[in-house]
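Side chains included, hydrogens not; waters and symmetry mates left out as well; all remaining heavy atoms used.
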Amino acid sequence: MNKRNILIGLAVILIIMQFFPIDKTNPPVDQAKDFLTMENAPVEVAQLFKTACYDCHSDETKYPWYTSVAPISWFIKGHIDEGHKHLRFSTWGDYDAKQKAHKIEEIIEVVDGKEMPMLTYWMIHWDAKISEEQRTQMTDWMRTKQ
Ligand code: HEC
């Protein structure tokens with residue numbers, strides 16, 4: 001196989017991948033069950049959660065153009081599905097009191113520990129790279145909910 005055939009082969013694989021798009025429909029959102037609504041988040045704090053967390057942890061995911069390009073799209077979809085499993089802000093109202101308390105604890109932990117938002121996310125979304133001060137703003141508010 002020469003170099004040219006390898007390149008053609010790769011191009012064909014990439015093209016075939018495009019026939020397997022991800023599902024980009026968001027389920028309908030009931031704002032009454034939304035975390036920021038239910039917990040009465042101040043506007044600034046709500047904005048931080050929306051830009052840094054809501055793409056993966058809510059049903060208000062925004063899908064920019066590159067989410068249409070496989071295999072990047074599959075990688076992103078994997079994070080969204082996995083993120084939903086761990087924490088879903090849009091259906092916060094469905095968690096019971098014990099679950100809420102546990103999630104609040106985890107949110108403080110990952111924001112304090114700079115584990116979230118995920119590195120690969122803010123490398124692309126510069127607006128989601130939250131400052132030290134903004135992290136404190138988020139966790140200070142979350143602690144009032146404990
Ligand atoms: C790019 C998608 C993405 C973004 C953006 C994101 N997360 Fe996550 N989150 C995930 C994934 C995937 C997991 C599960 C795997 C893991 O823990 O790494 C997760 C797990 C979590 C967990 C559970 C941790 C645990 O120990 O089980 C919490 C809490 C969390 N995220 C909070 C947040 C908060 C708060 C933000 C915003 C500051 C945020 N996430 C932004 C994808 C994301």
Side-chain angles (χ1 to χ4, degrees), residues 6-145:
I6 293 174
L7 280 179
I8 292 172
L10 283 177
V12 169
I13 291 171
L14 269 175
I15 291 166
I16 292 172
M17 282 178 171
Q18 307 316 312
F19 287 98
F20 300 89
I22 57 168
D23 180 6
K24 291 195 231 170
T25 43
N26 277 319
V29 176
D30 177 1
Q31 287 298 338
K33 279 189 188 177
D34 174 71
F35 165 73
L36 296 169
T37 314
M38 287 187 79
E39 304 295 341
N40 276 319
V43 181
E44 287 157 63
V45 174
Q47 198 53 45
L48 290 173
F49 275 97
K50 290 239 166 171
T51 45
C53 321
Y54 263 51
D55 268 346
C56 299
H57 290 292
S58 84
D59 295 328
E60 296 178 57
T61 308
K62 292 189 200 77
Y63 291 95
W65 66 268
Y66 48 81
T67 61
S68 299
V69 184
I72 304 170
S73 52
W74 304 340
F75 173 77
I76 293 169
K77 187 67 179 172
H79 281 161
I80 296 170
D81 288 348
E82 195 57 31
H84 274 165
K85 261 186 238 158
H86 287 259
L87 174 67
R88 199 163 190 146
F89 285 130
S90 299
T91 47
W92 184 252
D94 292 339
Y95 292 134
D96 62 31
K98 203 172 151 208
Q99 285 171 318
K100 284 194 181 105
H102 180 65
K103 302 281 171 202
I104 288 172
E105 209 170 283
E106 278 190 342
I107 295 167
I108 295 173
E109 224 173 83
V110 299
V111 174
D112 252 351
K114 300 199 178 77
E115 287 166 43
M116 288 284 152
M118 295 177 69
L119 178 65
T120 52
Y121 180 76
W122 66 254
M123 272 166 32
I124 300 170
H125 291 259
W126 282 95
D127 57 335
K129 189 173 188 308
I130 41 181
S131 68
E132 206 61 48
E133 204 180 310
Q134 288 169 325
R135 282 184 192 276
T136 314
Q137 211 178 341
M138 290 167 95
T139 50
D140 279 354
W141 173 68
M142 292 270 12
R143 287 199 171 92
T144 66
K145 302 287 167 191

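- No side-chain heavy atom of H57 sits less than 4.5 Å from a side-chain heavy atom of F49.
- Checking side-chain atoms of Q99 against main-chain N and O of D96 turns up a donor-acceptor pair under 3.5 Å.
- Contact between W92 and D34 at its shortest, heavy atoms only, is CB-C, 4.2 Å.
- Within 6.0 Å of atom CZ in F20, 12 or fewer heavy atoms from other residues, nucleotides or ligands are found, so the atom counts as exposed in its surroundings.
- Residues S68 and K24 have side chains that bring a donor and an acceptor to within less than 3.5 angstrom of each other.
- Judged purely by atom type and a 3.5 angstrom limit, T136 uses its side chain to pair as donor or acceptor with the backbone of E132.
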Practice prompt. Step by step, work out the side-chain contact (heavy atoms from CB on, under 4.5 Å) result for W74 and M17.
Written response: CA-CA 10 Å; W74 304 340; M17 282 178 171; 3.6 Å; yes

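- The distance from atom CD of Q137 to atom CD of E44, rounded to the nearest 0.5 Å, is 5.0 Å.
- The backbone N or O of A46 lies less than 3.5 Å from no partner atom in the side chain of W141, so there is not a single donor-acceptor pair.
- In terms of heavy-atom proximity, M138 sits nearest to C53 at CE-SG, 4.1 Å.
- The backbone N or O of L14 sits less than 3.5 Å from a side-chain atom of Q18, completing a donor-acceptor pair.
- Relative orientation of the Y54 and F89 rings is parallel, given thresholds of 30° and 60° on the angle between their planes.
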Fill in: Intermediate values then yes/no, salt bridge (Lys or Arg N to Asp or Glu O under 4.0 Å), D112 and R143
CA-CA 12 Å; D112 252 351; R143 287 199 171 92; 2.9 Å; yes

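- In this structure, T37 contributes its side chain and Q31 its backbone to a donor-acceptor pair below 3.5 Å.
- Put simply, NE2 on H79 and CG on D55 are 13.0 Å apart, with the number rounded to the nearest 0.5 Å.
- A 4.5 Å side-chain heavy-atom check between V111 and M142 finds every atom pair outside the cut-off.
- Summarising the geometry of Q134 relative to K129, their closest heavy-atom pair is OE1-O, 4.3 Å, with the distance given to 0.1 Å.
- Taken from CD1 in I72 to NZ in K77, the straight-line distance is 16.0 Å, to the nearest 0.5 Å.
- Rounded to the nearest 0.5 angstrom, I15 CD1 and L10 CG are separated by 11.0 Å.
- Contact annotation: the side chain of I104 approaches that of I108 to within less than 4.5 Å [non-hydrogen atoms, C-beta and beyond].
- How far CG of D59 is from NE2 of H84: 5.0 Å, rounded to the nearest 0.5 Å.
- Pairing each heavy atom of A128 with each of W122, the nearest pair is C-CB, 4.0 Å.
- Of the possible donor and acceptor atoms, none in the side chain of K145 sits under 3.5 Å from a partner among the backbone N and O of A101.
- Residues I107 and L87 meet the side-chain proximity criterion, which asks for heavy atoms closer than 4.5 Å.
- You'll find the side chain of I130 reaches within 4.5 Å of the side chain of P117, heavy atoms only.
- Side-chain N or O atoms of Y95 include one that pairs as donor or acceptor with a backbone N or O of R88 at under 3.5 Å.
- Between K100 atom NZ and D94 atom CG the span is 8.5 Å, to the nearest 0.5 Å.
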